[in-house]
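First comes the structure, then the notes that go with it.
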Amino acid sequence: MATDRRGALIPLLIITWIILSPSPQHDHRAVIGNTRPKIEDAIAEEQHSLEVLNNSTYEASRFKTDINPPWLGLNLTGFEEDRTYAWDAWPHIRGLASQSTEWWQRAIRGDAIEPRPVPLYENVTGYVQGRWARQALPDHISTPSLNLTAYAPENPFGPVQPRDFQGNVSGDAGDVQIKLTQSALAGATLGVPGNITEMKVKITLWDDAIEHNQIQLRGVYFTEAAFGLVSTTSDKFAGIFALPHLMPNDYTFNLSRTVLNESISKTIARQISRDTTSLHPWTTSTAENNLQDPFVSPQCELIVWLQQEEPVSPPAQRYSTGFLAFLERELKFPTGAFLPPVPEMRFRMTAFSPDCGYIITSAGPPTHSAAVANHLTGPKMPVQSSRGLHAVLLYTGILGIQVLLLLRQMREASTPSTRSRISFYTIAGMALGDGFVTLSFCTLGTVLDGLSLNLMAAGFVGFSSMLFFGMRFLIDIWAVHAPELRRRERVEVRAELRRREEIMAELRAARERRAADATAAAAAAAAAATPTTQEGVSDVVITTEAAVAAQVPAQSTLPHIAEPAPTEAELTLPLPFTAARPLDTGATPTFYMPSDQAGLLPAQQAGLMPIAPLTPLTEDQTARLTEMLTDARVPSFASMYIRFFVLLIALVFLSLNAAGWPSIAQKIYYTAIAFLYLSFWIPQIHRNARRNCRRAFEWEFVLGQAALRLTPFVYFYAYPKNIIFARPDYIALAVLATWQWLQVLTLLSQAFLGPRWFLPASWMEPAYDYHPILRADAEDSTLPLGFTPSSPLAARRGSLPAKPKADDSNSVGRGKRLFDCAICMQDLEVPVVEADGGEDGGLGTAGWVLARMGYMVTPCRHVFHTGCLEGWMKYRLQCPVCREGLPTL
C-alpha cells in the first residue's frame, strides 16, 4: 500500500506562498492611474514648508493673545483660511494648558529658577496613563464640518469615499495611554540657551463609545518649564512645521524653531540620500506609507500639550529635587545603590483637534477629585523595563517548575498501564499553551524595549517544555493509545459491516420474494391465456419457460453480416437520443470509486468487495476490509503533529490580528482563548469516566499545573502595573479561576467518589469497579474467594486469614473482616455488609466511601491493599494470585 503523503500539502502551500509573495520593497500600488506622490514630490513639499518656517516670525502667527483678525495666517498646509479649522479656539486651549505660577512664567521666558520649587524629572521617557474627559468648545466657535469627499483619494476606478475620520472622539470620557520618548538635550549642541529636547509621543485613546485609536506625534519638550508640545503631521496638516507658532511666547518660539530646523533638515537629507524611503517620516498613523491609500480613512489631526506635575510619591514621603535627580542618575547609570520606591511621573494633558473640533483633557484636579482621578501617571522607562524583567524571570521560573512536574509525572507514568489512563488531549492542551507562550514572547520581544533578550530566553524555555518534553510524553502516550483506538474503531467497523450484511440479506430476500411473485404472476397469466380444449381433453400446462420461448420471434433467414468492432471514440461518446435506454431491473448498482493515491486499488479490484451486487462477503474479505477501514479511521501521530502546529500558528496569527480589534471584541476574544486554554482537564475527566479510572495523574502534578498555569492570568487580570498595561478585570479572573479549580475538584471527586458519580449509569458502558461493596449474604455474597462458608471454591484460598476463629475465621467485629494482602503479606481490614445490613449497610455514605478506597477486589475475587495492587498493575495486568487478566484502572 502506498504511503499517504497528504500531510505534506500544508507545508508545501506555505512554502509556495512565501516564495511567490511580493518583496516588501516592491511598491505594488505603482500602477497606471495611481495618484500616490513620489518621494521627490514629498521632499519638495517639505523643503517649501521648512523655508516658510525659517522665514517666518512669531508676530506672523495669528495665535498671539493680543492679535485678532484680520487674518495673519501661515502659508502652510492646514493653516489656510478656507480650511475652516477651529483655530480661533487655540487661545482658549493655551489658557487651559499653561500654568499661572510664577516659576513657570519665568521658565518660559528663560529666566533662572534655582532652586525649582516643585521636584520634577529632567528626563520623562516612560509611560503614563489615566482617564480623559471631553471639554466643550467656546460658545462663539462652531464645530468644523468634515467633508469626506474632499479627502477621497483618486485611483484608476475613481475616488473612493472614506467611511469616517479615524480618531474622531465621539464619547464624553475614556482611557488614554501615552508613551513618551525624549531625546538628548539639544540646547548645548545647537548653541541655543535653555534646555530643550525633541520628543516622540504615541497616544492610544480608548473611547467608551467606540474602539480605540493609536496616534503618533512629534514635537519638543522644555525641561526647565517641564512642558511639551507635540503635533501630528500628514498630507492635510503640516503640524511639525507650524509647531513653533503654537508656543506661548517669542523665547519658546525661537528655541523650538532652532531645534526643529536641525531635525527636519537631517530627515530631508536622509530622504535625498535614500537612507529612508518614507514619504512622511512624521506620519500620523503607526504604519508608514499608508497615506493616500484609497482604503485608509483620513485621520483627525491632534495637538497635545503635556505639562509635568509633581511626581506621585509613596505615602507619607515627599522627595526633594536633589534626591529625585539622584534617582534619575542611578536609574540611568546604575551603581548598585539601594533605591527606595521610585515615584511615578504625572502629566496633565490638553489635546485639541483643529479639523475635527474637539478638546479633551486629562481627568484630575481641579475638575475632578484627586481620589477619583489624578491626571496621567506612570513609570519611567527604566522602572518599567525592570518590572518587565522581573515578570519575565518569574514566568521563566514558572515554566521551569512546570517542566520539573512534567518530568516527575513522566517518570511515574513509565509503563503502558499508567500511560493508558492519561488523556492524550490534556497533555496536548498543555503543550499547545506552552507553544503559544513561546511565539507570543518572541513577538513581544520585537515590541517591548529592553526586554528582547529576556523574552527570547523565556520563549526558549517554553519551546523546550513543548518540544522536548511535552511532545516526548505525547509520543509515549500515543504509542499506548493507538492500539486501544484501533480496537475501538475495529469494533465499530465490524458493527457497521454486520449492519451492512443484514441490510444486504434483507435486500436479497426482498429480491427473491419479488422474483417468486413475478414467476407466479407469469404462470397465472399464461394459464389464463390458454384456449379451452375439446371435451374430455385435459388442459395443457404451459410453463413459464415455454411461455417465454414462445414469445421469442423466429430468426431471420437473411444471411448474417458481421458488424465492425466499435472504436474507442465511439465507446466514449454518449448514446444517440433515439437509442434504447437500459431498463431498471431493480438490481443494486455497483460504484467504483477512483483512488487518489498511486498503488491503491478500488475495493472490488483489491478483492475486498464482491464484484456481483448483493453477494455476501467472505470471511477473508470481511477481515481485510475491516483492517483497511480501521487504518483509514485511525490517524497517525504524524498527522496529529501537523494538526497541532497548524492550530498553534493559526491561533498566534489570529491573536496578533485581534490586537487591532475594538476593545470589547478584544476582551471577549482573549477571555475566550484563556477559558479554552484552562479547560485542559476536561479531556482527562472524560477519559476517567469512560474508562472508570479514578486517578491518572499524581496529585502534585494536578495541583501544581493548575496553580502555575493560572498565575500568568492573575498577573495580567489583577496586577495594574503589568508590562502590557492591561486593565484589571477581576470578574473575568474570578470566572477563569473558578472554572480551573472546578475541574480540579472534579478530578478529586472522581478519585474518592468514583469516576462516574455525577453521570447517569445509562450514559457510559459498564466497567469493572475495583472498590465494590462487600456483602456477607450466603446467597449474594461478594466476599473474596475462600472466605465465604458456602462458597464451593473455599479450597481455593486467594488470601490467607490473619486471625482464624472458630465462629468466623475473618470476623474482627460486626461489619468488618480481616484478610491478608497477598502482595505485602500484611493485615487488611475491610468493611462488609452483614446479612441483615440492608441494601448497602451504610457503605454509601461519605465515611464508608473513603473506607472502601483502602482495598481493591479483582474480578477473580481476590482482595488487596489499594496501594499494593495499583503498584502491581503499573507493571502487570495480571492477578498476583491466580494470574488471570485484569482490566485497566
Side-chain angles (χ1 to χ4, degrees), residues 46 49-50 52-54 56 58 61 63 74 76-79 87 90 93-94 96-98 107-108 121-128 167 176 178-187 190 192 194-205 214-234 237-249 251-267 280-286 299-308 345 347-355 360-362 376:
E46 293 166 1
S49 299
L50 182 61
V52 172
L53 174 61
N54 293 331
S56 62
Y58 189 68
S61 170
F63 305 118
L74 301 172
L76 293 174
T77 305
F79 292 84
W87 288 119
W90 183 249
I93 305 300
R94 192 161 52 190
L96 290 175
S98 60
I108 63 174
Y121 284 114
E122 295 291 332
N123 189 291
V124 294
T125 300
Y127 297 88
V128 291
V176 58
I178 301 179
K179 179 183 178 182
L180 305 170
T181 305
Q182 180 180 344
S183 303
L185 294 178
L190 300 178
V192 295
N195 293 323
I196 181 174
T197 67
E198 287 188 81
M199 174 179 282
K200 300 178 183 179
V201 172
K202 179 186 290 187
I203 294 183
T204 304
L205 291 173
Q214 290 186 351
I215 306 172
Q216 286 187 349
L217 305 93
R218 298 286 187 92
V220 294
Y221 180 78
F222 296 87
T223 58
E224 290 292 338
F227 86 94
L229 189 62
V230 293
S231 171
T232 58
T233 304
S234 67
F237 183 64
I240 193 68
F241 299 94
L243 196 65
H245 292 278
L246 305 179
M247 294 296 168
N249 57 17
Y251 175 76
T252 53
F253 167 81
N254 293 325
L255 284 181
S256 58
R257 184 178 64 172
T258 303
V259 172
L260 292 178
N261 183 20
E262 181 72 15
S263 172
I264 295 173
S265 299
K266 290 181 179 180
T267 303
H280 297 276
W282 310 277
T283 177
T284 296
S285 174
T286 56
Q299 180 89 32
C300 286
E301 306 302 334
L302 201 63
I303 302 171
V304 179
W305 187 306
L306 294 171
Q307 179 67 53
Q308 186 183 174
M345 300 185 299
F347 275 85
R348 182 159 48 92
M349 179 193 73
T350 304
F352 168 60
S353 177
D355 54 346
I360 58 176
T361 60
S362 57
L376 309 182

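Atoms OH and CG, on Y127 and L376 in that order, are 15.5 Å from each other to the nearest 0.5 Å. Summarising the geometry, atom CD belonging to Q216 is positioned 13.0 Å from atom CG belonging to L302; distances are rounded to the nearest 0.5 Å. A distance of 9.5 Å separates CD1 of I360 from OG1 of T350, quoted to the nearest 0.5 Å. To the nearest 0.5 Å, the span separating CG on L76 from OG on S49 amounts to 5.5 Å. Summarising the geometry, atom NZ belonging to K202 is positioned 12.0 Å from atom CD1 belonging to I215; distances are rounded to the nearest 0.5 Å. Expressed to the nearest 0.5 Å, how far OG1 of T233 lies from CD of Q299 amounts to 12.0 Å.
Using modelled atom types, one side-chain atom of T125 and one backbone atom of Q182 make a donor-acceptor pair closer than 3.5 Å. S231 places no side-chain N or O within donor-acceptor distance of the main-chain N or O of L243, the cut-off being under 3.5 Å. Side chain of Q307 to backbone of A226: a donor-acceptor contact under 3.5 angstrom is found. Judged by distance alone, the side chain of S56 and the main-chain N or O of L53 form a donor-acceptor pair under 3.5 Å. Without hydrogens or angle criteria, R257 side chain to H245 main chain gives no donor-acceptor distance under 3.5 Å. Q308 places no side-chain N or O within 3.5 Å of a backbone atom of F227 that could act as its donor or acceptor partner. For the pair S256 (side chain) and T252 (backbone), a donor-acceptor distance under 3.5 Å is present. Within the 3.5 Å criterion, the main-chain N or O of L50 finds no donor-acceptor partner in the side chain of N261.
Listed here is the closest heavy atom pair of R94 and M247: NH1-O, 2.9 Å. Nearest approach of V124 to Y121, heavy atoms of both residues: CG1-O, 4.2 Å. Contact between I108 and N249 at its shortest, heavy atoms only, is O-ND2, 2.8 Å. P281 approaches E46 most closely through the heavy-atom pair CD-OE2, 3.7 Å. Closest approach of A351 to V304, counting heavy atoms only: CB-CG2, 3.9 Å.
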Step by step, work out the side chain to side chain contact (heavy atoms under 4.5 Å, CB included) result for V201 and M199. CA-CA 7 Å; V201 172; M199 174 179 282; 3.7 Å; yes
Under the criterion side chain to side chain contact (heavy atoms under 4.5 Å, CB included), I'd like the reasoning laid out for M349 against I178: C-alpha separation, chi angles, the key distance, then a yes or no. CA-CA 10 Å; M349 179 193 73; I178 301 179; 3.9 Å; yes
Derivation and outcome, side-chain hydrogen bond (donor to acceptor under 3.5 Å, both in side chains), residues Y221 and E198: CA-CA 6 Å; Y221 180 78; E198 287 188 81; over 6 Å; no
Please assess E301 against S234 for the test side-chain hydrogen bond (donor to acceptor under 3.5 Å, both in side chains), listing each intermediate value before the final yes or no. CA-CA 8 Å; E301 306 302 334; S234 67; 2.5 Å; yes
Test side chain to side chain contact (heavy atoms under 4.5 Å, CB included) applied to I303 and V230, step by step: CA-CA 6 Å; I303 302 171; V230 293; over 6 Å; no
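A heavy-atom distance below 4.5 Å is found between the side chains of L180 and F347.
Just one of I264, L260, V52 meets the side-chain contact (heavy atoms from CB on, under 4.5 Å) condition when paired with F241; it is I264.
In this structure S353 satisfies the side chain to side chain donor-acceptor pair (under 3.5 Å) test together with D355, sequence neighbours excluded.
Classification of the F79-F237 ring pair by plane angle, with boundaries at 30° and 60°, yields parallel. W305 and W90 have tilted rings, their planes meeting at an angle from 30° to 60° on a 0 to 90° scale.
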